[in-house]
There are 2 protein chains.
Amino acid sequence: MARRQQEKSRQTKEELLASAMRLFGEKGFAATTIAEITKAAGYAKGSFYSHWAGKDDVFLEILERKMEEYRRERSRKLSHASSFEEIFNVIWDFLESIMDDMNWSKVFLEFTIHASRDPRLQAELNRSKYRLSNDIFSNLMGKHVRAEIPPEKVGSLNTALFEGFLIQNVLQTNVLNRQDIRNAALLLARAQCDVSESGEPTSAIKE
Amino acid sequence: MARRQQEKSRQTKEELLASAMRLFGEKGFAATTIAEITKAAGYAKGSFYSHWAGKDDVFLEILERKMEEYRRERSRKLSHASSFEEIFNVIWDFLESIMDDMNWSKVFLEFTIHASRDPRLQAELNRSKYRLSNDIFSNLMGKHVRAEIPPEKVGSLNTALFEGFLIQNVLQTNVLNRQDIRNAALLLARAQCDVSESGEPTSAIKE
DNA sequence: TCACTAATTGACCAACGGTCACTTTTCGAC
DNA sequence: GTCGAAAAGTGACCGTTGGTCAATTAGTGA
């Protein structure tokens, strides 16, 4: 049975994926051509299409992997957090680690907008795993959220603040810094959660 | 003196601009081709380039006009506002009118991301007029903002929240609604301004 | 009328995403 | 080893894009 053949195919796919990941990060999604991806990996253009239907699909696969990687990292840190403040800080440490990946946060935004004209991509982005902080807020902070507020709203508000800040980063506005945005997020989260301003340990938060 | 000729040229430019504006709104920036723009206006492709250097430039001109139009509308409403709550509400009524222009808020985001790879466009967007709520917050709400906080930060935070919400709108997430985002913005603005929670008339705000 | 200038045209170019008939490599049966 | 089938890999080719530019048309002032 054609074991070696499958293995070779998998290997090729990995090489193309690595090449695509590097180029997307360096030049962005639109500016990276398929011919570049295959050439950099040492293959012909046609090879690409035996693994993916187009640029969109290879990007979705890369996205999946990146998110998986991010999530793993986040879970590791979250295992030691339980109080409102601890959880909040882990989440924002995590969001800041995404910001550190400056090139990629740019590419994520680029693809998000690109996807907005295509229902398939839109659904893929929404369902799939991109919008990370939504679910995490619901799951982990649900117990803290005030009864009359749907927990997913807390997460979405957080995401909005985060992505709005990403846009300003991308445009190099340089008015807000990370602490500003984190303070704002904390303020909003507190307003939506049952946490006394001084009742719980707030030492981890610098204001 | 070649009056009629200049007039004709201006007319052509207007027609192309109108055509471009319509098509950008309908299909987005990337999906609209220059040939389409000129054909819809009844000209040949080459005509386009005697008025603009490329797609980016016609878009910048359209942006300028749209912003001017938005600003005029806003100024009209602002002339009757003075208190913290009134100003805040006028600003967010205005931001919501931008949201209503659903197609265009999509296109604005698209171009913003597109510009992020091009220093010239980036500078144009930042300096020019896109980021409207920044300056308006500084100018109009400056007197309310607490002394230790740079006024432009209040505006930037507002913009971040607004654009983050735009992204969720564009992706049709449907978790947050306008009231949610407005409440959040109000909460943040209050925290950064010298307004007593109940000292000033707050009747205009529904919470 | 006529020379001059400005407005307008569309064939042309390189580069793109995507297709597909073709060649090369791998494989199991003999 | 041999060989035919199947899989992996190739690159010329297609339609379309943004952008160029020599050629054409129309408006102008004397």
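Naming: A, B, ... by sequence-line order, numbering from 1 per chain.
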Given side chain to side chain donor-acceptor pair (under 3.5 Å), test A:Q179 with A:N183 step by step and report yes or no. CA-CA 6 Å; A:Q179 196 58 49; A:N183 285 341; 3.2 Å; yes
Passes salt bridge (charged side-chain N to carboxylate O under 4.0 Å, His left out), A:E85 versus A:R190? Steps please. CA-CA 9 Å; A:E85 255 77 14; A:R190 276 210 179 122; 2.9 Å; yes
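Dashed line: the shortest gap from a side-chain N or O of A:K8 to OP1 or OP2 of D:dA8 is not under 4.0 Å. Contact between the side-chain N/O atoms of A:S47 and the OP1/OP2 oxygens of D:dT10 is found at a separation under 4.0 Å. Proximity of A:S9 to the phosphate of D:dA8: a side-chain N or O atom is located under 4.0 Å from OP1 or OP2.
Taking a cutoff of 4.0 Å between a charged side-chain nitrogen and a carboxylate oxygen, A:R178 and A:D93 do not qualify as a salt bridge. Look at B:K66 and B:E73 and you find no salt bridge, because none of the NZ, NE, NH1 or NH2 atoms lies under 4.0 Å from a carboxylate O. By the 4.0 Å N-to-carboxylate-O rule, A:E86 lies too far from A:K77 to be salt-bridged with it. Of the charged side-chain nitrogens involved, none lies within less than 4.0 Å of a carboxylate oxygen, so that A:K106 and A:D101 do not count as a salt-bridged pair.
The OH atom of A:Y49 sits 17 Å away from the P atom of C:dA21 (whole-angstrom rounding). What separates CZ of B:R10 from P of C:dA6 is a distance of 19 Å, to the nearest Å. The nearest whole Å value for the distance from the CZ atom in B:F48 to the P atom in D:dT20 is 11 Å.
Not counting sequence neighbours, the partners of B:R72 by the side-chain contact (heavy atoms from CB on, under 4.5 Å) test are B:E68, B:E69.
For A:H51, counting side-chain heavy atoms from C-beta on, the closest listed nucleotide (C:dG17, D:dG19, D:dG9) is D:dG9.
Near DNA chain D, defined here as any heavy-atom distance below 4.0 Å, the residues from residues 24-45 of chain B are B:T32, B:T33, B:I34, B:K45, listed numerically. Contacts between residues 11-22 of chain A and DNA chain C, counted as heavy-atom distances below 4.0 Å, involve no residue at all.
Taking the ring centre of B:F29 as origin, the terminal cationic atom of B:K55 falls inside the region bounded by 6.0 Å and 45° from the ring axis.
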